[in-house]
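To start, the structure itself, in structure tokens.
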Number of protein chains: 2
Amino acid sequence: MQTVGTKERLVNAGVGLFTRQGLASTGIKQILDEADARFSSLYHYFPGGKDELAAAVIARSGADYQRLVESVWDSQPDAATGVREVFEGAADVLEGTDYADACPIATVALEVASTNEELRLATADVFDAWVDSATARLVVAGASAGDARTLAHAVIALLEGAFMLCRATRSTDPMRDAARVAANLVRQAAPADGARG
Amino acid sequence: MQTVGTKERLVNAGVGLFTRQGLASTGIKQILDEADARFSSLYHYFPGGKDELAAAVIARSGADYQRLVESVWDSQPDAATGVREVFEGAADVLEGTDYADACPIATVALEVASTNEELRLATADVFDAWVDSATARLVVAGASAGDARTLAHAVIALLEGAFMLCRATRSTDPMRDAARVAANLVRQAAPADGARG
DNA sequence: GTCTATACTTTGATAGAC
DNA sequence: GTCTATCAAAGTATAGAC
């Protein structure tokens, strides 16, 4: 069993706290408490302080969530089913975590969009990678190059917007509805997609 | 020319600041500055302090944005065109405000979803009203009752998610793509919708 | 790399005169 | 209802020993 270093514990704590309560409401002391670390450790590993830690948290949680979504998507026989399972899985997680665990960077992305250019770029990098990943999978499923990117934007926007509605209303109805709509969109754009490896 | 009272100036200032930077990053002093008001006035009109002001800001900006969207939607000859114009208008506003003016309650909704039950309910009330409004219009356009609510969830989620992607990436591509997708969804669900009063 | 202790700033909120 | 002055707490960040 691998020992988890202080730096990794700091990032892990930040991932959970930023996901649930955002950047501004999360104090450094709260992160240090949860990571069982000291001020000196944080400023040793992240000389830039809270913002530098936040950038690392955004990159890590964004990449982790991308991998999770890709694994769910790729586990299904076709793209429409894959997308549907991503949304249904998100709904299940919402229910299982009292509507706390949703998109790990959504709250931070909105908080920093007009106030912190460095962190805004960090969130943009994550979203760009997600769009590229979804676009590539839709092309493989048979969508045209132009349609694939449009559809990727729509699917990711649907997911993010449904997360917001579900968390605010404490209902998974928006996510379940989005699952059906997203799957239908993919089915229409990639009608020939079928049995796959 | 009507004099704007102190209470209204406080709410107005909150609307702008919460829209752009969210709840936690916005200090009361910043609101007071922008409203040209004093601490005593704020606690006179809102004895509950920042949270009570925030609840008023959420309700007011949510209702205002609903009215704006409805007026754009209803100005078009059919539901599909109406929805498309709502999204295109949102993209234009993003471009015209350096990606600052988007959904007035989105950032706050995510910030408070798991941390402040009173304010979470305030955002839920706003979203519920939006869903009801869109559902009613889609029913009028010819969608079945069940389809209409599903579609309303999808359209609003698309709008919110597209706002997020656009602000983070400083591009209106996601919103323009969402406009096409949303209009197509409405057209499919209400194919008989046409010339209207 | 980690410890304890602290400096400095900003925050939300209140008191009391007028 | 608005003024000035101020409070206690929490925020980020740093210093210096080990």
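In what follows, chains are A, B, ... by sequence order, proteins preceding strands, each numbered from 1.
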Separation of dG1(C) atom P from Glu8(A) atom CD, nearest Å, is 14 Å

Rounded to whole Å, CD1 of Ile28(B) lies from C1' of dT10(C) at a distance of 12 Å

Side-chain donor-acceptor contact under 3.5 Å, Ser133(B) with Arg137(B) = yes

Separation of dG16(C) atom P from Phe39(B) atom CZ, nearest Å, is 18 Å

note: Ile31(B), atom CD1; dG12(C), atom P; distance rounded to Å ~ 8 Å

Arg20(A) side chain to Thr115(B) side chain, donor-acceptor N/O pair below 3.5 angstrom: no

Side-chain atoms of Arg38(B) come closest, of dT4(C), dT4(D), dG12(C), to dT4(D)

Of dT11(C), dT2(D), dT2(C), the nucleotide closest to the side chain of Ser41(B) is dT2(D)

*asked:* Looking at Thr81(B), is its backbone amide N or carbonyl O close enough to the side chain of Trp73(B) to form a donor-acceptor pair, meaning the two atoms are under 3.5 Å apart?
replied: no

Between Thr172(A) and Glu95(A), do the side chains contain a donor N or O and an acceptor N or O under 3.5 Å apart? yes

Identify whether any heavy atom of Ser40(B) sits under 4.0 Å from a base atom; if not, whether one sits that close to sugar-phosphate; answer base, sugar-phosphate or nothing.
base

Check your understanding: Thr26(A) near the nucleic acid: base, sugar-phosphate alone, or nothing, with a heavy-atom cut-off under 4.0 Å?
Key -> sugar-phosphate

In whole angstroms, the gap separating C1' of dG11(D) from CG of Leu42(A) amounts to 14 Å

Atom CD of Gln30(A) and atom P of dT12(D) are separated, to the nearest Å, by 10 Å

Exercise. If only side-chain N and O atoms of Thr6(B) are considered, is one of them under 4.0 Å from the OP1 or OP2 phosphate oxygen of dG1(D)?
Worked result: no

- Which part of the nucleic acid does Tyr45(A) contact within heavy-atom distance under 4.0 Å: base, sugar-phosphate only, or nothing? sugar-phosphate

Whether Lys29(A) engages the ring of Phe39(A) as a cation-pi pair (distance to the six-membered ring centre under 6.0 angstrom, angle to the ring normal within 45°) should be assessed. no

To the nearest angstrom, the CG-C1' distance between Asp36(A) and dC3(C) comes to 13 Å

Whole-Å distance, His44(B) NE2 to dA15(C) C1', equals 17 Å

Review point. Base, sugar-phosphate alone, or nothing: which one does Tyr43(A) contact when heavy atoms must sit under 4.0 Å apart?
Key: base

